[in-house]
Engineer: 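Pasting a structure below so you can have a look.
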Amino acid sequence: GSLATTQGLFGPSNFTQWSGYTPVPGTRNASLGIQQSVKGTLVDVSWQGTFGFNRNLTNNINAVPLGREFDPKFADPTTPGKFLPTGSLRTNYPGMGSISKRYFIGRSNYNGLQVNVKRRLSRGLLWTAAYTWSHSFYLSSFDPLIPDNEVRNWGPQNSDRRHVLQ
């Protein structure tokens, strides 16, 4: 970087705040399974649910408003074609960098249906098959520039795998 992009001493400072009541993040698990032998074939069907709560989300309370970096009103008068540094574009606390506030309002949800089939064949051979359908959601972030975070940021996790056949 250069001196112009350095944080703190030569540029706007960033900081993170935790305030107020801080609930402990946690997870709850539940499962239910049934096994049945059908004509020498073992069938195992089970469901697993994992539910996360009080997940840590970050809110930048000094975000640059959407489109501000392209608004001609905020062009740098000393350098045509360039815009002011982002510290000057912020409306809540101009001259400061990101001010992040931690909230423990995130949640996650995993549901999985697992089916296993096993059959013992002659001479000690074992035939098995396993299928898993699962879906994993989470509240990924907190965005102060939109009215409803649940609608925008509740969605599949990066690790979501719907169908697995083995």
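In what follows, residues are counted from 1 in the order of the sequence shown.
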Engineer: Just by distance, with hydrogens left out, do Arg162 and Ser136 show a side-chain donor and acceptor under 3.5 Å apart?
Structural biologist: no
Engineer: Over all heavy atoms of both residues, which pair between Lys101 and Ile61 is shortest? Give the atoms and the distance, please.
Structural biologist: CB-CG2, 4.3 Å
Engineer: Could you check whether any side-chain N or O of Arg120 sits under 3.5 Å from a backbone N or O of Gly40, counting only pairs where one atom can act as donor and the other as acceptor?
Structural biologist: no
Engineer: Answer yes or no: is there a donor N or O on one side and an acceptor on the other, between the side chain of Asn60 and the main chain of Ile99, under 3.5 Å?
Structural biologist: yes
Engineer: About how many Å separate NZ of Lys118 and CG of Asn116, when rounded to the nearest 0.5 Å?
Structural biologist: 6.5 Å
Engineer: What donor-acceptor contacts under 3.5 angstrom involve side-chain atoms of residues 104-115, with partners at least two apart or in another chain?
Structural biologist:
{"from": "Arg107", "atom 1": "NH2", "to": "Glu150", "atom 2": "OE1", "distance (Å)": "2.7"}
{"from": "Ser108", "atom 1": "OG", "to": "Gly52", "atom 2": "N", "distance (Å)": "3.3"}
{"from": "Asn109", "atom 1": "OD1", "to": "Asn111", "atom 2": "ND2", "distance (Å)": "3.0"}
{"from": "Asn111", "atom 1": "OD1", "to": "Trp47", "atom 2": "NE1", "distance (Å)": "3.1"}
{"from": "Gln114", "atom 1": "OE1", "to": "Ser46", "atom 2": "OG", "distance (Å)": "3.3"}

Engineer: Show, in sequence, the C-alpha distance, side-chain angles and deciding distance for Tyr131 and Gln166, and conclude whether the side-chain contact (heavy atoms from CB on, under 4.5 Å) test is met.
Structural biologist: CA-CA 6 Å; Tyr131 172 75; Gln166 295 179 341; over 6 Å; no
Engineer: What are the two closest non-hydrogen atoms of Gln35 and Asp44, and how far apart are they?
Structural biologist: NE2-OD2, 3.5 Å
Engineer: More than 12 heavy atoms of other residues, nucleotides or ligands under 6.0 Å from CG of Leu165: is that the case?
Structural biologist: yes
Engineer: Rounded to the nearest 0.5 Å, what separates atom CZ in Arg119 from atom OG1 in Thr128?
Structural biologist: 13.5 Å
Engineer: Could you measure the distance from the OG1 atom of Thr132 to the CD atom of Gln48? Nearest 0.5 Å is fine.
Structural biologist: 10.0 Å
Engineer: Are the side chain of Ser100 and the backbone N or O of Thr58 linked by a donor-acceptor pair below 3.5 Å?
Structural biologist: no
Engineer: Which value, rounded to the nearest 0.5 Å, describes the distance between Leu139 atom CG and Asn153 atom CG?
Structural biologist: 6.0 Å
Engineer: Can you check whether Thr27 reaches Arg55 side chain to side chain, under 4.5 Å on heavy atoms?
Structural biologist: yes
Engineer: Under 4.5 Å between any side-chain heavy atoms of Trp127 and Val117, yes or no?
Structural biologist: yes
Engineer: Side-chain heavy atoms nearer than 4.5 Å, only ILVMFWY residues, links allowed to pass through others: does that put Leu57 and Trp154 together?
Structural biologist: yes
Engineer: Tell me if a side-chain donor or acceptor on Asn62 pairs with a main-chain N or O of Gly97 at a distance below 3.5 Å.
Structural biologist: yes
Engineer: Parallel, tilted or perpendicular: which describes the rings of His135 and Phe137, with under 30° parallel and over 60° perpendicular?
Structural biologist: perpendicular
